[in-house]
Amino acid sequence: MIETKNTVIRNGRLIDPTQGTDTQGDLYLAGGKIVGIGSAPAGFVAELDIDASGLVVAPGLVDLCARLREPGNEYKATLQSEMAASVAGGVTSIVCPPDTDPPLDEPGLVMNLRQRARKHDLARLYPVGALTVGLKGREITEMALLREAGCVAFSQGDVPIADLQVLYRAMQYAATFGFELRLRPEEASLVNDGVAHDGDYASRLGLTGIPVIAETIAIAQIVQLMRATGCKVHIARLSSGAGIELVREAKREGLPLSCDVAINHIHLADVDIGYFDSQYRFDPPLRSLRDRDAIVAGLNDGTIDAICSDHSPVDDDGKLLPFAEAERGATGLELLLPLTLAWAERNRIALPAALAKISSVPAAKIGFSADLQVGSRADLVVFDPNEAWTVTREALRSQGKNTPFAGMEVKGRARYTFVKGKCVFAL
């Protein structure tokens, strides 16, 4: 890692997604902040001079869902490996869900995780606290104490709460303090042992299906409870067109509801499973082509607020199993940028608007502004939007090498990543 006090990034394409601006110029960094745009402040002497001609300079990416596998699953990945992968992908802020082992249901566990992350001095870590003790869905955690320990929101991860009375009380508690809940909508009784989208393709393969109504029923319940409590809710990783329409209606009503989608679900559908390829097993499952198109439409019209990587590193043993037995998930931190750029290019989305989905919008969800303004934090990514590279095991820094995009050529690669004004990655 290169540590600097004063840095100038020259001739870059400066994109501020918060302001929607796209200009050419120089950026000056000092003391962990942006101290000048266009011209240097008085007395500024650069210790690091970067020529960003042909490169984009933007706020660092903010990932709303990335599992780092610590504590408890270090054989899959470690904080060190995944934070290195994060900054290599231009991700400067990571939100990690609470479904670690043990779950993040006590302040001491949260503080310990944050302290270990700080020692690596790479990306910033924002833990999400467990909504119930042990994620067992029976007893609400001390959310106020977890917030003091550093939790930015509260969630069950991928473990749904079966008892709506518990969820109702949790939402009342959260509303009292103004906390946000992050819920993945899934009615467990409709999932059972399902492993793929409940459609014609799963039927032909003989795979047990997970119906769309498992998502829509859960969303409908969440919306009703929001009306009763006034609780702020962020719905994580939507997967269906019907679910997106329910969110759209709730937003029209003015409920404090937001949502995101995993980058995998923007590009893939159930037919991509092919002949039982376990690299395509996700939670929620990849749905139909029509659902994928509805996700893209929801992103384009603003119904879907943000895109996350859904980074879930899995070891080879977890994937080298029959589809129904294989572990869910894939690496994603290093693919968030190029896959977002691919969506933007295909749908003719302006670069500031596309980057907002993975920087300024998720940043606002966790309480800070991701922009290029004098005085703002110097968390930045400098990337080449046109550099083509092939997704291979050797190209990925994550300990998890499994991805359905293996072998694919993508465009867009981080050249430099800055966190707190320090160059923590240089290609």
Checklist entry - When you check the gap from the basic side-chain N to the acidic O, do R237 and D158 get nearer than 4.0 Å? => result yes
Checklist entry - Would R377 count as a cation-pi partner of F368, with NZ or CZ less than 6.0 Å from the six-membered ring centre and within 45° of the ring normal? => result yes
Next on the checklist: Over 60° means perpendicular and under 30° means parallel, so tell me whether F177 and F179 are parallel, tilted or perpendicular.
Outcome noted: parallel
Item to check | Shortest non-hydrogen contact between G90 and V381, atoms and distance | outcome: CA-CG2, 3.7 Å
Checklist entry - Do R184 and D99 sit within salt-bridge range, that is, some charged N less than 4.0 Å from a carboxylate O? => result no
Item to check | Side-chain heavy-atom pair L131, M143 within 4.5 angstrom cut-off | outcome: yes
Checklist outcome for this item: From the list D270, I210, I295, side-chain contact (heavy atoms from CB on, under 4.5 Å) partner of R287 resolves to I210
Checklist entry - Got a salt bridge between E82 and R69, using NZ or NE/NH1/NH2 to carboxylate O under 4.0 Å? => result no
Item to check | side chain to side chain contact (heavy atoms under 4.5 Å, CB included) assessment of Y28 paired with K33 | outcome: CA-CA 9 Å; Y28 298 85; K33 303 284 186 181; over 6 Å; no
Item to check | Electrostatic pair D315:K401 at N-O distance under 4.0 angstrom | outcome: no
Item to check | Of I140, L225, T176, the residue whose pairing with M171 passes side-chain contact (heavy atoms from CB on, under 4.5 Å) | outcome: L225
Next on the checklist: Is it true that S376 and D371 share a donor-acceptor pair across their side chains at a distance under 3.5 Å?
Outcome noted: yes
Next on the checklist: Set out, in order, the CA-CA distance, both residues' side-chain angles and the distance that settles side chain to side chain contact (heavy atoms under 4.5 Å, CB included) for I263 and F405, then state yes or no.
Outcome noted: CA-CA 11 Å; I263 192 68; F405 299 99; 5.7 Å; no
Checklist entry - When you check the gap from the basic side-chain N to the acidic O, do E245 and R248 get nearer than 4.0 Å? => result yes
Item to check | side chain to side chain contact (heavy atoms under 4.5 Å, CB included) evaluation trace for L167 with Q156 | outcome: CA-CA 10 Å; L167 182 56; Q156 281 290 104; over 6 Å; no
Checklist entry - Any idea which heavy atoms bring V110 and C151 closest together, and the distance? => result CG2-SG, 3.6 Å
Item to check | salt bridge (charged side-chain N to carboxylate O under 4.0 Å, His left out) evaluation trace for K365 with D260 | outcome: CA-CA 11 Å; K365 297 297 300 175; D260 65 50; over 6 Å; no
Checklist entry - side chain to side chain contact (heavy atoms under 4.5 Å, CB included) between L125 and M83: does it pass, once the steps are laid out? => result CA-CA 9 Å; L125 180 65; M83 288 197 151; 3.8 Å; yes
